[in-house]
2 protein chains.
Amino acid sequence: MGRWLPNREGLKMDFLLQELRRAGYRITDARRAIVQALVNASRPLNPQELYEAARVQHPRVGLVTVYRTLEALLELGMVQKVHGEQGCVGYVYTGRGHRHVAWCRACGRAFIFEGQEDLSSLEQSLERTLHFRVEGHLLQLTGLCAECQART
Amino acid sequence: MGRWLPNREGLKMDFLLQELRRAGYRITDARRAIVQALVNASRPLNPQELYEAARVQHPRVGLVTVYRTLEALLELGMVQKVHGEQGCVGYVYTGRGHRHVAWCRACGRAFIFEGQEDLSSLEQSLERTLHFRVEGHLLQLTGLCAECQART
DNA sequence: ATATTTGCAAAACATTTGCACGGAA
DNA sequence: TTCCGTGCAAATGTTTTGCAAATAT
């Protein structure tokens with residue numbers, strides 16, 4: 001792949017920076033480094049890990065700025081917290097829209113996919129039986145990705 | 001309701017204590033108080049809140065014991081962590097089996113229901129397209145319960 | 001020019017651990 | 001009697017806050 005062509009991660013990074021700018025945030029070296037580390041990550045990163053990854057690019061960045069940037073990206077719906085069986089395993093870039101996450105417990109990678117109308121029948125059933133009006137949901141899957149199944 | 005008849009919460013409490021005993025845990029005053037506070041709660045409680053509630057029954061209980069008891073109950077699948085839009089809102093008794101949670105953002109109550117095979121089509125689709133083998137999932141809903149809708 | 005953002009240090013908060021005593025089985 | 005469980009205190013780990021200096025717009 002020629003290095004003068006933007007790769008997939010470069011596109012994601014530009015998109016994220018655009019979204020931040022559109023929302024009124026300023027684009028700084030710290031945010032660039034954090035966003036870059038995030039989209040380049042092969043798996044969800046927690047704040048500490050993201051901090052360490054961002055420091056490669058921008059050594060003066062502080063952990064606090066990582067927290068603040070994650071907060072902004074969550075607010076904008078660009079990033080999701082990923083839950084493994086034992087709790088939060090980190091944050092992952094999901095992009096805009098209704099995305100779900102499948103997390104491989106073996107390699108730790110997260111697979112992002114569009115949330116189809118999978119849950120509408122469940123939601124209708126809740127509405128009918130409990131009269132509960134569903135506004136949002138958290139759906140995350142854990143298991144084994146194709147490669148990690150093959151590796152067994 | 002006659003106080004000599006076990007009420008719904010009393011039955012839940014007995015069940016939880018039995019399950020703890022079956023798993024090899026000893027039944028102590030601290031565990032009794034914590035379990036009682038948990039099943040009597042009208043909404044998910046965090047460790048601090050559960051600690052305060054348990055102290056009504058057993059003032060000598062320590063916060064650490066609450067953490068350790070919650071850990072045991074989670075391990076046994078008797079209790080689930082409840083996630084609101086902004087993060088964890090506490091732990092709720094769910095009983096054995098595959099249960100899902102709908103959390104009302106207005107009154108804070110959690111509604112527990114059986115997990116039907118809602119997700120099997122989604123899981124099959126993941127299997128076909130990504131060859132991802134789903135082993136477990138986290139599904140929680142947020143919205144408004146019937147009473148809180150009426151109250152508007 | 002000016003309002004946001006940053007990084008530091010410290011505070012606040014949450015959770016876990018070591019250990020001697022107490023209590024369930 | 002035996003070993004598990006307890007509560008305390010302290011350690012550890014995580015996230016937030018106040019603030020003066022740096023910087024994007």
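All chains are named by letter (A, B, ...) in the order of the sequence lines, taking the proteins before the strands, and each is independently numbered beginning at 1. Scope of the values below: all heavy atoms of this structure, side chains included, with no hydrogens, waters or symmetry mates.
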Between L17(B) (CG) and dA24(C) (C1'), how many Å, whole number? 14 Å
Within a radius of less than 6.0 Å around CD of E147(A), do more than 12 heavy atoms belonging to other residues, nucleotides or ligands occur? no
Below 30° counts as parallel, above 60° as perpendicular, anything between as tilted: where do the rings of F15(A) and Y93(A) land? perpendicular
For residues 71-89 of chain B, which residue pairs pass the salt bridge (Lys or Arg N to Asp or Glu O under 4.0 Å) check, not counting sequence neighbours? none
At 4.0 Å (heavy atoms only), tell me whether R68(B) reaches a base, stays on the sugar-phosphate, or touches nothing. base
Ring-plane angle category for H83(B) and H83(A), please: parallel below 30°, perpendicular beyond 60°, tilted otherwise. perpendicular
Got a donor-acceptor contact below 3.5 angstrom from the Q80(A) side chain to the R99(A) backbone? yes
Using a cutoff of under 3.5 Å, can you pull out all pairs of nitrogen or oxygen atoms linking the protein to nucleotides 13-15 of chain D, with atom names and distances?
{"unit_1": "dT15(D)", "atom_1": "OP2", "unit_2": "Y67(A)", "atom_2": "OH", "d": "2.3"}
{"unit_1": "dT15(D)", "atom_1": "O5'", "unit_2": "Y67(A)", "atom_2": "OH", "d": "3.3"}

Would you say H58(B) places a side-chain N or O within less than 4.0 Å of OP1 or OP2 belonging to dG7(D)? yes
Expected output is a numbered-order residue list: members of residues 19-44 of chain A with a heavy atom under 4.0 Å from any atom of DNA chain C. What is it? Y25(A), R26(A), T28(A), A30(A), R31(A)
CD of E71(B) versus P of dT6(D): gap in Å, rounded? 12 Å
May I have the distance from Q86(A) (atom CD) to dT15(C) (atom C1'), rounded to whole angstrom? 16 Å
When you measure from the side chain of R133(B) to the backbone of A146(A), do you find a donor-acceptor pair of N or O atoms at a distance under 3.5 Å? no
Take the angle between the ring planes of H137(B) and H98(B) and call it parallel below 30°, perpendicular above 60°, tilted in between. tilted
Is E49(A) salt-bridged to R43(A), cutoff N-O under 4.0 Å? yes
Rounded to whole angstroms, how far apart are CD on Q18(B) and C1' on dA25(C)? 17 Å
